Every structure is written in structure tokens, then in C-alpha cells.
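What follows is a set of notes on a single structure, which appears directly below.
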Protein chains: 2
Amino acid sequence: MPRPSQPILSTAIITTAALRAVDAAGDFTMPGIAEKLGVRPSSLYNHVSGRAEIIELMRGHVMAEVSVPGERDERWSETVTRLAREYRRSYAKHPRLIPLLTSQTVRTGVAFAMYNALAQAFSDGGFTPADVLAAITTLDSFVLGSALDLAAPEEVWAQVDEANDAMRAALATSVPNPARADTAFEFGLQTLVAGWLTQAQ
Amino acid sequence: MPRPSQPILSTAIITTAALRAVDAAGDFTMPGIAEKLGVRPSSLYNHVSGRAEIIELMRGHVMAEVSVPGERDERWSETVTRLAREYRRSYAKHPRLIPLLTSQTVRTGVAFAMYNALAQAFSDGGFTPADVLAAITTLDSFVLGSALDLAAPEEVWAQVDEANDAMRAALATSVPNPARADTAFEFGLQTLVAGWLTQAQ
DNA sequence: ACCTGAACACCGTTCAAGT
DNA sequence: ACCTGAACACCGTTCAAGT
């Protein structure tokens, strides 16, 4: 059947298949998702330009899940906190995707609604435009780094024999992922917000 | 010449060649570095188990450049600041390597001296063991995320037409990488330290 | 111990051929 | 417009053969 009357593929279908493969195996291949979709690898090129575009489609899919709240009656720092949690939560749904996204950082499209909301919040907090940009970048780095932590294996903090007393005590408190990663993210977010509140006076 | 009396290769030589390729092209291949070294791809396997080990060797090379200071007469927060800068500086030497390191986060070996020093500093600051672990994880996420930012292309903050007023003003302050990334890192580090000082009372 | 040469399975991508 | 089949260049890895 060279060409069905009804198209079998679409960018959405390809994106979903690729995301499923990444969730399951940590990576995807063109032949792999083609097989899952009952199609030949070359068929994919009728809908996407190549592997790179599929990665960008997955990035867009994740970003589209970030819901940016409208105006609310709350302090700017509470807005930042909520946006940060929401941002990270969308990454957390597909932890193994994050490493694939890091080879090319792109801040465009859907995500811009969130950047705008963050800019407004920091601006409300009294930050100068230059500091607004720096603060957003900080949050971005922190959220991305934290998301990478989610995909990390259990034994990230091994090598206890090399630890000093302070580090050994810290390691003794550790619990399995993703609970540890969650706790660490919340603590770090509190640190950042406390810092911004200080900087904003 | 099937086998020279003096070995041509070593893990160090292979690591350096791979690092050079990553710096230049953002990636490396087995045939690629073999050619640079005037050798056949299969020869590499006499010294490394494969591509994955070469990546770990590069990680080790970068981590080995992190110099951890001995005891000094300074506040714990100053120790943390200095370690964070040093940590990030070692990453910054090979920005394009960072994406290759993110598919598998490992905190072992050489880096442990730094983690120990950080644990001691936060412990001196009065943090509980659980919070020490969280604080180190926060710093780790932030430094890694910031390092990724270094490898980002210039037009990371494009799409100005979608920006609201606050975001537009922030973008107007932007300067080329890596100056922007440097500024953002320093601002973020100040935020974190201010936050930790607040949390530590 | 260490480099070579040949081989294998696999990948991403292209493109003319079909409907 | 969209799927197929064949083809290409390339990759990572293995392994017997050489010294």
C-alpha cells in the first residue's frame, strides 16, 4: 500500500511516538519510531525534516504544558515561585528527555509566555531590566539543572568512603529519587526566592 | 607497522584528541579522533572500552582542574562562593562538552574533594545534614545549568516580537555571550549566597 | 601488549517510483 | 500529498591476524 487515502502520520503522531521511546529507553531512533508506527523510516521525512526537528517538536510539546497564570492577587515572589514550580513540573513529566534538549538551548515560542510573566514579576519586584534578565537566566539554569537531576540514577551520591564527616552526615539523610530531587528543588527554590527578596530589598 | 615498539596511544592522548574535537565541532567520533592520531579506529579499543568511557575520561579531565582550597580564614559563605566560581570556571573551559556530560550525571572521584569542602562550609554555616545535601544539589544544578548557557548560541533570546514590556526592556540590556552568561552567573551566585545567608540566619 | 584489516549491525538521510 | 524500496555515507564495536 504505497499511499493510504487517509494519511497515517503527522508531526503530532511522530512526536508522541518519539516521546514514548525516550520515556522508555532514554533515546529514540528514526527506524525505531517508524517501526512502532507501522511505517518505513523514509516515510517520516514527509512530515519532519529530520531527527533534529523531532527533538524540537518534543521540546515544544513539553513547553506547551507550562500553564502561565493570569493576573493574581499575590506578591511578585509568589508569582515567581509558582512559575518555577510549573516550569519544572512540565520537565519532570519526561525526565529522560532533558539530556536530549541540552545540546541546543532554545528559548522561543510557547515558553515566551512564561518568560514574559517572569519578567513582569521581577519588574514588579523592583529589579532593573538588566537584573530581570539575569534573574530569569538564573531561574532557567536552576530549573534545567534540577530537571537533569531527575533523570539521574539512584547511585548519584556513591563513593561514601571518600566523604568527610560533614558530607557523610549529609549523605545519610538521602532518600531515593525522585523524592530526593523534589526536596532538593524545593529547598533550592526557597534559597533563590530568599535571595531575590534580599536583592530587591 | 602492526605494532610500534613504543605505544602510540594512551588514554590521556585519546582524551585530549576527543576534547579538541568537542571544542572545535561540539562532538567527536571514533573514526574522527583515530584519524587525528594517525591510527585506525579499532586501535582505540586497546585503551578504552568505547565511546562512553571517553566521555567519562573527559569528565574526569575537567573535574581534575577544580582546585579545592585548604583551610582559610574566611566566612563559610565566602568559601562557597569561591568553590562555585572555581567549579564553573572548570566547566567554562570546554563549554561544548557540557551537553555530552548531561546524559549521565556522575558525582564521584575527583569532584568529591569539592563536595567535601562544600559540605564542610555549609555545615559551618549551621545547616542540618539534610539541608547541606540540598544546598549542594542546588549549587550543582545551578552551575551545570549555567555552564550549558555558555555553549548556547547568540540568538538564545530571540523572538522579541512576542515579548511584553518588561521582557523587552530586559532583552535590550543583553550583550553577546559569553559576557552575558558570565554576568548572569555572578548575579545568580549572589542570589544564592544571599538566600543561604538568610536560611542560615 | 598493541596496531591492523575486515567485518557486522545499525543509524540518519536522500530520492526516484508508485498511487 | 504521502508511503515505499533501494541506496549512500557514516558510525560504534568486535575479533582474528600480525609483530
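Here is the naming used below: chain letters follow the sequence lines, and residue numbers restart at 1 for every chain. Keep in mind it's a predicted model, so treat the numbers as computed, not measured. Note that these values count all heavy atoms, side chains included, but never hydrogens, waters or copies made by symmetry.
In this structure, A:L44 places its CG atom 15 Å from C1' of C:dC15, rounding to the nearest Å. Rounded to a whole Å, the OH atom of B:Y45 is 12 Å from the P atom of D:dC11. A:I33 places its CD1 atom 12 Å from the P atom of C:dC11, with the value rounded to the nearest Å. As rounded to whole Å, 13 Å separates atom C1' of C:dA1 from atom CD1 of B:I8. A:E53 has its CD atom 15 Å from the P atom of C:dG12, to the nearest Å. Nucleotide D:dC11 holds its P atom 13 Å from the CD1 atom of B:I54, rounded to whole Å. Across the protein-nucleic acid pair, B:R51 atom CZ and D:dC10 atom C1' stand 13 Å apart, rounded to whole Å. Atom CG of B:D27 and atom P of D:dC10 are 15 Å apart (whole Å).
Distances shown here put every side-chain N or O of A:R40 at or beyond 4.0 Å from the OP1 or OP2 atom of D:dC3. Residue A:H47 places at least one side-chain N or O closer than 4.0 Å to OP1 or OP2 of D:dC3. Here B:T29 reaches the OP1 or OP2 of D:dC11: one of its side-chain N or O atoms lies under 4.0 Å away.
Side chains of B:Q199 and B:F127 form a contact here, defined as non-hydrogen atoms less than 4.5 Å apart.
D:dA7 is paired with C:dT13 under the criterion used here, namely a Watson-Crick or G-U wobble arrangement in which both key atom distances are under 3.5 Å. Using N1 to N3 plus N6-O4 or O6-N4 for Watson-Crick, or N1-O2 and O6-N3 for G-U wobble, each under 3.5 Å, C:dC2 pairs with D:dG18.
Both tests hold for B:R51 against B:F28: distance to the six-membered ring centre under 6.0 Å, angle to the ring axis within 45°.
Looking at B:R75 and B:E78, no side-chain N of the basic residue comes within less than 4.0 Å of a carboxylate O on the acidic one, giving no salt bridge.
Where A:F28 and B:S43 each meet DNA chain C at their nearest nucleotide, the meeting point lying more 5' is that of B:S43.
With distances taken from any side-chain atom of A:V39 to the nucleotides C:dG12, D:dC3, D:dG12, the minimum falls on D:dC3. Between C:dT13, C:dC3, D:dT13, one nucleotide has an atom nearer to the side chain of B:P7 than all others, and that is C:dC3. Side-chain proximity of A:N46 to the nucleotides C:dT13, D:dC2, D:dG12 is greatest for D:dC2.
A donor atom on one side chain and an acceptor atom on the other are found under 3.5 Å apart for B:Q120 and B:D124.
Residue A:S42 places a side-chain atom within donor-acceptor reach of the base of D:dG5, judged by atom type and a 3.5 Å distance cut-off alone.
In this structure, A:F122 and A:W76 have tilted ring planes: the angle between them lies in the 30° to 60° band.
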